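As the structure is a prediction and not an experimental result, all values here were calculated from the model. A note on names: the letters A, B, ... follow the listed sequences, proteins ahead of strands, and every chain is numbered from 1.
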Number of protein chains: 2
Amino acid sequence: MSIPRTAAAGVLPRIKVSRTGRQTPAVRVEHLLPIDQIVLGDCIESLRRLPSQSVDMIFADPPYNLQLENALTRPDNSHVDAVNDEWDRFDSFAEYDAFTRAWLAECRRVMKKTATLFVIGSYHNIFRVGSAVQDLGFWILNDIVWRKANPMPNFRGRRFTNAHETLIWASRSADARGYTFHYEALKAGNEDTQMRSDWYFPLCTGEERLKDAQGRKVHPTQKPEALVARALLAASNPGDIILDPFFGSGTTGAVAKRLGRRFIGLERDPVYAQAAQERIDNVVPLDADAVAAAPARRTEPRIPFLSLLEAGMIAAGEELVDAREKHRAIVRADGTLTVGPVVGSIHKVGALVQGHPSCNGWSFWHARRNNGLIAIDSLRDDYRARHAAP
Amino acid sequence: MSIPRTAAAGVLPRIKVSRTGRQTPAVRVEHLLPIDQIVLGDCIESLRRLPSQSVDMIFADPPYNLQLENALTRPDNSHVDAVNDEWDRFDSFAEYDAFTRAWLAECRRVMKKTATLFVIGSYHNIFRVGSAVQDLGFWILNDIVWRKANPMPNFRGRRFTNAHETLIWASRSADARGYTFHYEALKAGNEDTQMRSDWYFPLCTGEERLKDAQGRKVHPTQKPEALVARALLAASNPGDIILDPFFGSGTTGAVAKRLGRRFIGLERDPVYAQAAQERIDNVVPLDADAVAAAPARRTEPRIPFLSLLEAGMIAAGEELVDAREKHRAIVRADGTLTVGPVVGSIHKVGALVQGHPSCNGWSFWHARRNNGLIAIDSLRDDYRARHAAP
DNA sequence: CCTCCGCGTGAATCATCAA
DNA sequence: CTTGATGATTCACGCGGAG
């Protein structure tokens, strides 16, 4: 593997940006974009070399400015391996604010008028980020809470367990129209109720967590793919260009590739970039059928099937069958099923293949597990047991 | 009912505040405080009349600066009764920021050094508030998410359901020590696990929601008592003075009275103040036993290890061991332990034999009793029980 | 083969009091 | 003010080895 030569910041052509606000149509600038590449270099400088109004979505995970002073130990006296990297150190709020406004302003310029921005942060930085987002003319659509299934406890018992992080989702301006939001698909994957602003996911651990040859984590703050996937499924379409100005371990790129999106990753650390490239090279994209946006049409009741995918209990692209294995369907990434040209909820597709007016997809469909079949209903039970939340 | 005359802003005595930072001890200023009263008038002016370092906790629910442009209708074309009051209109972010910094700065002055502040808001204003909190020198302890059990749906299907609000919990400064946090009590009431930063409560509806004679809600943003109660139970003690600079319908006062706290409410709208006063008058305080905080371990009197020897509960020359009996030490008559040539406190020797930087000797060392091991910590409990002050 | 248990660890602004 | 002594404090998972 190597970082593509064209991806080096110094090789990227400098783009002329009109001062009048008139921009080259997006389709004409695509050949100027380092699509599906990792651009090595300072993120603000790299952003300046990207043409205006050229990307469809941005997912940004900037430094949090944690301001950690002292070492922290667990009650058993073991050492907590905290984020103490050079890239997370800023001398003051003013310096952090200036940095934040600089990269956000460039991001806004690079966004198509219909694009939206996600930024993730914690209480250390998210208020600075949110104020900057508003001051720069973005329009906040939602703030979203990532509730962590397994957060680190508060070892000293002096505060509440810091059990969540916050994402800001914003359009380019208050009057931006036509941004992508797959309301229907999200609803179908959420017990047929609207997807809420509080999301529940485990941390990125285990197999998913990138490790180096010595078994150490490659990046201190690698985000779970499920979190990024929900953002991309909600607010982008297959083929869209997703920009991540703080690419790190490349979660955005890996998820984008898997879901049939394209990506542009900016990263200044060659070690991170190398690890990200190898990771992405190993990603196998899902079939187009599995990621094509479901028709945004009011349909029959659908159920919380998406959560099982997000939890990794069912894989996008996996085949489901009925108990007698007479019928087959493919799971799509957004929590719908497909049989040939038909796309719909587990219930609707179950009814259709049987020629019945209705069907309980939870009891009808089965997944292959351990050389046998298991009703997805019992997978749902497992999920409930694992993720029981009030 | 009437608003107490002494509570009118114009009647409150102007307090002289030393510029040197030296302040009158809190106990001396209590008689200058409008305790358990609602102060009518502009909140910033009223705050200026309160003495410095005089309140134990602040719960603030400021205007959200909602920026609602057009009327919103539900899918059935019914009208959504949104917050559109004069007090929630600001011409710009700059104006809202100036207002926010003014009331927050006064709040900080009024807080005792051990006091903490809660502010609640939504994505419309919380980033402005959070930045101001940080800029003014507060130290954020947590951000907390109120997850709404029954949020209003997004009627247009263009965004995620806005299903949460955010609270910021902050101490007066980064080096503030001794703030109240009832860690053990919260843990005991939460399945014996730490209370997390994501809280789940229903909206304030039904009986709890104040209505006027025509059945209309008195206040557009009345908060649920359960939410305020958790904040007060977590970060205040019975008898503490809780300040609410945006008193509104008086939820903070009602909860404070019920939980045996005292309150100061600032409110500029006489209609809200009147409704709040009537509401609070009807609150019956809980028995003192029901609100007394369970004694936290760290607040219990310190017992020197020597006292256990003096009480005959441990004998000089006796052997202590750790729970797995891997380490042994001999008790010396002066209350120190010895292992070979080493002599030191129960903590020092415990740390040393384990090779740790520190150790809680009380939980590490065990004595042999009745053919088993008993932590010296439980001997200490016995000692405390025997020698408890009446 | 499975189960149990110990160990490691995660974006963390993580103590208080007396001298 | 600093310094040093005391002593309080963890949840959910994944993994690997023991039984």
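- Residue B:Pro304 is out of contact with every strand shown, counting any heavy-atom pair closer than 4.0 Å.
- Counting all heavy atoms, side chain and backbone alike, A:Ala163 lies closest to B:Ser197 at N-OG, 2.9 Å.
- The separation of D:dT6 from C:dC14, taken at their P atoms, amounts to 24 Å, rounded to a whole angstrom.
- Under 4.0 angstrom from either OP1 or OP2 of D:dT6 there lies at least one side-chain N or O belonging to B:Ser345.
- Using a 4.0 Å cut-off, no side-chain N or O of B:Lys348 falls inside it from OP1 or OP2 of D:dT6.
- Cation-pi contact between B:Arg230 and B:Trp199: present, with separation from the ring centre below 6.0 Å and deviation from the ring axis of at most 45°.
- In this structure, B:Tyr183 does not reach the C:dC14 phosphate: none of its side-chain N or O atoms is under 4.0 Å from OP1 or OP2.
- Each of A:Phe93 and A:Thr205 was assigned the nucleotide of DNA chain C with the nearest heavy atom; the assignment lying further toward the 5' end belongs to A:Thr205.
- Between A:Met152 and A:Asp76, the residue anchored nearer the 5' end of DNA chain C, judged by the nucleotide with its closest heavy atom, is A:Asp76.
- OP1 or OP2 of D:dT6 has not a single side-chain nitrogen or oxygen of B:Arg297 nearer than 4.0 Å.
- Distances shown here put a side-chain N or O of A:Arg158 below 4.0 Å from the OP1 or OP2 atom of C:dT16.
- The phosphate of D:dT9 (OP1 or OP2) has no side-chain N or O of B:Lys187 nearer than 4.0 angstrom.
- Backbone-only contact: B:Arg177 has heavy atoms under 4.0 Å from sugar-phosphate atoms and none from a base.
- The minimum heavy-atom distance between A:His219 and A:Arg209, with the atom names listed, is O-NH2, 2.7 Å.
- Using a 4.0 Å heavy-atom cutoff across all strands shown, A:Asn162 reaches sugar-phosphate atoms only and no base atom.
- Judged by distance alone, the side chain of B:Glu165 and the main-chain N or O of B:Val145 form no donor-acceptor pair under 3.5 Å.
- Dashed line: the shortest gap from a side-chain N or O of A:Lys148 to OP1 or OP2 of D:dA12 is not under 4.0 Å.
- Remark: the A:Arg74 side chain and the C:dG8 base include no donor-acceptor N/O pair separated by less than 3.5 Å.
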